[in-house]
There are 2 protein chains.
Amino acid sequence: EDCKKQVVSSDPYSSDPPRHPALRVNSQKPFNAEPPSLILSENYITPTAFFFKRNHLPVPKVDPAAYRLEIEGLPNGPVSLSLDELKTRFPKHTVTATLQCAGNRRSEMNRVKQVKGLDWGIAAISNATWAGARLRDVLLAAGYVPGGTVRHVQFEGLDKDVAGTTYGASIPLRKAVSEEGDVLLAYEMNGEELPADHGFPVRAVVPGTVGARNVKWLGKIVLSEEESSSHWQQNDYKGFSPCTDWDTVDFKSAPAIQELPVQSAITQPEEGSVVDRSLEEVTVKGYAWSGGGREVVRVDVSLDGGQTWQVAQLRGASEEGQEDAPSPPLGQAWAWKLWELTVPLPEDAQELEIVCKAVDNGYNMQPDSVAPIWNLRGVLSNAWHRVRVTVSED
Amino acid sequence: EDCKKQVVSSDPYSSDPPRHPALRVNSQKPFNAEPPSLILSENYITPTAFFFKRNHLPVPKVDPAAYRLEIEGLPNGPVSLSLDELKTRFPKHTVTATLQCAGNRRSEMNRVKQVKGLDWGIAAISNATWAGARLRDVLLAAGYVPGGTVRHVQFEGLDKDVAGTTYGASIPLRKAVSEEGDVLLAYEMNGEELPADHGFPVRAVVPGTVGARNVKWLGKIVLSEEESSSHWQQNDYKGFSPCTDWDTVDFKSAPAIQELPVQSAITQPEEGSVVDRSLEEVTVKGYAWSGGGREVVRVDVSLDGGQTWQVAQLRGASEEGQEDAPSPPLGQAWAWKLWELTVPLPEDAQELEIVCKAVDNGYNMQPDSVAPIWNLRGVLSNAWHRVRVTVSED
Ligand SMILES: [Mo]
Ligand SMILES: [Mo]
């Protein structure tokens, strides 16, 4: 009995929380999973239990009463805040923001040539309403003064590997302190306490920025001239040319991913499914999003592999019955758009190759094909999304 | 004699300035012309005489002593500034910024299907050093107060059509008054007085923003809740799906182009030229740029139509001997990068299809092909650029 207990407790993942059984698990330890993709387009706000989970390390068990957020690199010395101070000393700010893993849609790159990384489908992306203190407010209250030599804000998680190395990442100072950057030290997700898998008690939410910089279980903030020295900032989460392989890669030659490029995918119908000819029409649904606060302004859909196109209907926050949300201010479109299109089935088609591509308000377009953007880490997979379905005979 | 004089002076274009004979003219009246594309990659700063010219109307003759810049929509009433006041009352701010016409590379769309617009090649883009007063400084001095209902800054040119309609455009307020936006009321280009074709005596320079909003011969600035009501803001310079034609287009459905997507093109070798086999290698050169202050971080070059790629060398301001220019601050990369790559000639190749594609620091990529981004106005033509050359036999 004692022996068994010891074995269990020596597993650093033994205190990981329970998860919804419908999640598609890419890795158990650390836990990485995405929802069935249909869930995404059925809910403008992704239900918390289905929000994709991307953990790099075991989920740390944090006692909220003992929790401290340490802030270093300030002109008047370090500052330490309790959870209660974070909640009461700063206005609560609410932001609806989509997070996307750098590796979303990596499986499509794997089909071109094997890459290193979790084999994500199209659902390593989700949308939530986050609330917490604004990082800007906290840094100014902690004594940060604009105009110095600080260029980056580093985040350290409380999650550790067996050697004691914590997860870490950084964002540019400009994003961290901008009035329009909306960076949060979030303690709520969809109106409830942040769940263990999403960073309880406090995580960084950096709208418009790749998931990897939205550090969970946030323990320390460091203002610095340099980016985070972590593996994930320096030697991972960067994009390279398709000609770069593991023998030739120079991680210093590429910038750490921050903003992500325009993205879209088809959630319905699913690959390989059968469309009923007698219905005479087909409804295509999906999501679209762009990084850096750029708003998706159009999604084109093709049923013939990209030869001809039609324009889908976009469904933003207001169309989705979110508290009569107006169009987001320019540069602050942090949340995705869901989209759909119902079209007559082409008369003779026995198969359809459904394709989508989105355009953002910088008029950035998605690239047509996967191979030319293939990269050894399988990140930034945002080529047109393609789904093949068959049409049933009458 | 008198009669002849009258005929000449009734031509509204009769006071247009002389132009360099090497410019490739797309339209004489109004004057629209681009330099030979080789000029672009040979000069980090495009020589003023070769900077592309995109006029919508006749060049107005402006007396600098009588010039007034009117500013309207201010809380304390309109303000009027002389040229001398603009030069002496505000600090002179210098910005190196690339301007690109929305229609650059339109000829490639024309090859897919006819579009409406001037048939630009790849050289409706150029780079210059501009100096003038910061729009932000002028607006604040004129009594603008942040926080009101103003959302757009409208520019009106002094250039008019026969009915008296002036050229006009607007930019978002946020860009106009941002400390990092670097919007200029420019009176100098490359260290000299602004030439007549580029807006003498004052033009707007809106770095990172499509040429059409960089209004020349600036006569009036209006702060407003609305965008400019001009044809060029409302019913032109917008992007649409390839399925949208002139019968179905709804100009209200698309945003006015402001930022432009990532772009690159090959200036050397030229289409149809012959590469000498005995040289054993070929040098490929070009330019790359992205809108919104995003920095180009990589250019991939292919000699085999996009099957395999190599990474080109980037040449930014510092490499080009510009006053030891450091890397631009994040979000303020207004100027292009020139790039080049020297590679061995593939042994068996009799023809090369040279292709380039650029990546910016939002990891936006260029789309692979033209047809899927074709649009009725032929704007935003930023697919991979392709040049076919033959290899001479030994
Ligand atoms: Mo990620
Ligand atoms: Mo233009």
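Below, chains carry the letters A, B, ... as their sequence lines are ordered, and counting in each starts from 1.
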Pick one of side chain, backbone, both or neither for A:Lys357, based on which atoms fall under 4.5 Å of a heavy atom in chain B.
-> side chain
May I ask you to test the A:Glu180-B:Arg174 pair for a side-chain heavy-atom distance under 4.5 Å?
-> yes
Atom CG of A:Asn361 and atom CD1 of B:Ile257: how far apart are they, to the nearest 0.5 Å?
-> 12.0 Å
Considering only heavy atoms, which portion of A:Ala254 lies under 4.5 Å from any heavy atom of chain B: side chain, backbone, both, or neither?
-> both
Interface moiety of A:Thr308 toward chain B, non-hydrogen atoms closer than 4.5 Å | neither
Taking the side chain from A:Tyr363 and the backbone from B:Gln258, do they hold a donor-acceptor pair closer than 3.5 Å?
-> no
What is the distance from atom CG of B:Asp360 to atom CG of A:Asn364, rounded to the nearest 0.5 Å?
-> 6.5 Å
For A:Asp368 and B:Asp368, indicate whether the former's side chain and the latter's backbone hold a donor-acceptor pair under 3.5 Å.
-> yes
Given that the side chain runs from C-beta out, which part of A:Asp300 has a heavy atom under 4.5 Å from chain B: side chain, backbone, both or neither?
-> side chain
Which atoms of A:Leu260 come close to chain B, meaning under 4.5 Å heavy atom to heavy atom: side chain ones, backbone ones, both, or neither?
-> backbone
Where do B:Trp309 and A:Pro242 come nearest, in terms of heavy atoms and distance?
-> CD1-CG, 3.6 Å
Region of A:Gln366 that comes under 4.5 Å of a non-hydrogen atom in chain B | backbone
For each of A:Gln307, A:Arg298, A:Met365, tally heavy-atom pairs with chain B at distances under 4.5 Å, and name the one with the top tally.
-> A:Arg298
Does a side-chain heavy-atom distance below 4.5 Å link B:Val311 with A:Cys243?
-> yes
Answer key: most heavy-atom pairs under 4.5 Å with chain B among A:Gln310, A:Glu259, A:Glu295, A:Arg294 is A:Arg294
